[in-house]
Amino acid sequence: MTLTASQADDIILVTAEEAVVEAERGDPRNVIDDCTTITDAIRSQRREGGGQVQGALTSRQWDVTVAALDRQALRALQAGEADVADSYAKVRDTVLAQVAEQLPVHARQSVTARHVLLREEGASAYVVFQPSRRGRYTWSGSTSALDDIGTPSLGTTLNGKVVVAQARAGKVNIEAQVLPRAPKPDQTSWESIGEISKQWASYPYPELVLAVPGQEGTVLGELTTEVWPHVTYRMRLSVNASGHTAEDHLLQMWPDHAAPPVVYKPTA
C-alpha cells in the first residue's frame, strides 16, 4: 500500500479515534488491538518516509481502516463539513483501489417487510431506529429538527442515531427492504426519491424498528451480525402520494460507503 504523507496522517487520526470509541463501548468487536496496530504501523512508516508512506497490514486491519474512514466521512457529512468528508472519502478510495480484492467478504442479506402506519394529527414523520434495550420499541423523541442536511424527505436526528422519514398523509403504506446491493432508482414509478447514508450497528440489539413518535413500533427485522465492523448503509426513500389521506413509501437500504445525500426526484 502506498500513501501520501497526508493520507497516512488521516489514517492515524481515524484509527486512533476508533480505538477510543470502541474502548468506551467495552470493545464489543475486539478491534482495539487492530486499531492500535494500524496506528503504530502507519506512524512508524510515516516517521521513516518522505513524501510517500508504504503500509503493510493484514486484510482485517485494512478492513478496519476502511470502516474507520467511512465512519469519519459520515460524521463530517452529518456535521455539514463536506470538504472534510470528501478528504476522508478520497483516502478511503485510495485504500480500496489498492487492497479491495484482499478485504474479507461480508455476508449480505435480503429482508422485506410491509407495514401500515397511522399517524396522529400533528405528526409529520415516522422514524427508524435501533432500540437501546430489547423490547423498547416506542420512540418518544422529537422529529422537528434534523441534525444533518439529509434530503427533503429523509434525514437523521440524535447525532445520526435515528432516521426520520417525512410523511404528509395520515396513512402511510410502507414497504421496507434490506438489500445486498444498490438497486436502480425507479424514477418512473415514484413521485419523489431521496437518498442518504446511515451507520447501523449490529450491537447490542440488531433490530430495526419502525415507529410513529409516541406509538409502539414494529420490528422490521434484524441486521446481520456477520457484517463488520461499522456498517454504513445507503438508505433511499421513494414516495407516492396515492391520495389526500394515504401515501405509499418504499424504504430501501443496503451496505455501501458513506456519500453525500442525493435527490433523484424532489418532493412535489
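Computed from a prediction, not measured in an experiment: that's the story for all the values here. Starting from 1, each residue takes its place in the sequence as its number.
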Do any N or O atoms from the side chain of [X] and from the backbone of [Y] form a donor-acceptor pair under 3.5 angstrom?
{"X": "R133", "Y": "Y205", "value": "no"}
{"X": "K171", "Y": "L117", "value": "no"}
{"X": "R234", "Y": "A259", "value": "yes"}
{"X": "Q45", "Y": "I42", "value": "no"}
{"X": "T65", "Y": "Q61", "value": "yes"}
{"X": "N240", "Y": "S189", "value": "yes"}
{"X": "E18", "Y": "L69", "value": "no"}
{"X": "E175", "Y": "Q252", "value": "no"}
{"X": "D70", "Y": "A258", "value": "yes"}
{"X": "K161", "Y": "F129", "value": "no"}

Quick one: closest heavy-atom pair of [X] and [Y], and the distance?
{"X": "L77", "Y": "P260", "value": "CD1-N, 3.7 Å"}
{"X": "A125", "Y": "P213", "value": "O-CD, 3.5 Å"}
{"X": "V53", "Y": "A8", "value": "CG2-CB, 3.9 Å"}
{"X": "K198", "Y": "L74", "value": "C-CD2, 3.9 Å"}
{"X": "A211", "Y": "Q215", "value": "CB-O, 4.1 Å"}
{"X": "V209", "Y": "G217", "value": "CG1-CA, 3.9 Å"}

Quick one: are [X] and [Y] in side-chain contact, heavy atoms under 4.5 Å?
{"X": "I11", "Y": "I38", "result": "yes"}
{"X": "M253", "Y": "L208", "result": "yes"}
{"X": "L154", "Y": "V164", "result": "no"}
{"X": "L103", "Y": "L96", "result": "yes"}
{"X": "R236", "Y": "P185", "result": "yes"}
{"X": "V263", "Y": "P266", "result": "yes"}
{"X": "V14", "Y": "R71", "result": "no"}
{"X": "V172", "Y": "V116", "result": "no"}

| message | Test of understanding: clusters of I, L, V, M, F, W, Y form through side-chain heavy atoms closer than 4.5 Å, transitively. Do W190 and M235 belong to the same one? | response | no
| message | If hydrophobic clusters are built by linking Ile, Leu, Val, Met, Phe, Trp and Tyr wherever their side-chain heavy atoms come under 4.5 Å apart, do W254 and I174 end up in the same one? | response | no
| task | Would you check, one step at a time, whether the test side chain to side chain contact (heavy atoms under 4.5 Å, CB included) holds for D186 with S238? | result | CA-CA 8 Å; D186 185 355; S238 304; over 6 Å; no
| field | Audit row: T151, E195, side chain to side chain donor-acceptor pair (under 3.5 Å) steps and yes/no | value | CA-CA 7 Å; T151 77; E195 192 174 287; over 6 Å; no
| Any salt bridge between E247 and R168, counting N to O under 4.0 Å? | yes
| query | Less than 4.0 Å between a side-chain N and a carboxylate O, is that true for R75 and E17? | reply | yes
If you measure from [atom1] on [X] to [atom2] on [Y], what distance do you get to the nearest 0.5 Å?
{"X": "D86", "Y": "R92", "atom1": "CG", "atom2": "CZ", "value": "9.5 Å"}
{"X": "K90", "Y": "S6", "atom1": "NZ", "atom2": "OG", "value": "11.0 Å"}
{"X": "E207", "Y": "T218", "atom1": "CD", "atom2": "OG1", "value": "13.0 Å"}
{"X": "Y88", "Y": "Q7", "atom1": "OH", "atom2": "CD", "value": "13.0 Å"}
{"X": "L237", "Y": "S192", "atom1": "CG", "atom2": "OG", "value": "6.5 Å"}
{"X": "Q199", "Y": "Q78", "atom1": "CD", "atom2": "CD", "value": "8.0 Å"}

| query | Could you go step by step and tell me if Q130 and W200 meet the side chain to side chain contact (heavy atoms under 4.5 Å, CB included) rule? | reply | CA-CA 8 Å; Q130 290 180 292; W200 293 115; 3.3 Å; yes
| message | Looking only at the side chains, is there a donor atom on one of Y126 and Q166 sitting less than 3.5 Å from an acceptor on the other? | response | no
| query | So, E216 versus T138: side-chain donor-acceptor pair below 3.5 Å or not? | reply | yes
| message | Working note: M1 + Q54, criterion side chain to side chain contact (heavy atoms under 4.5 Å, CB included); need CA distance, chi angles, decisive distance, verdict. | response | CA-CA 6 Å; M1 168 68 67; Q54 302 293 321; over 6 Å; no
| task | May I have the step-by-step check of side chain to side chain donor-acceptor pair (under 3.5 Å) for S197 and T232, ending in yes or no? | result | CA-CA 7 Å; S197 290; T232 304; over 6 Å; no
| query | Should we count CG of D93 as having more than 12 external heavy atoms under 6.0 Å? | reply | yes
| said: As a quick check of understanding, evaluate side chain to side chain contact (heavy atoms under 4.5 Å, CB included) for Y233 and I196, giving each step before the final call. | reply: CA-CA 9 Å; Y233 278 78; I196 63 171; over 6 Å; no
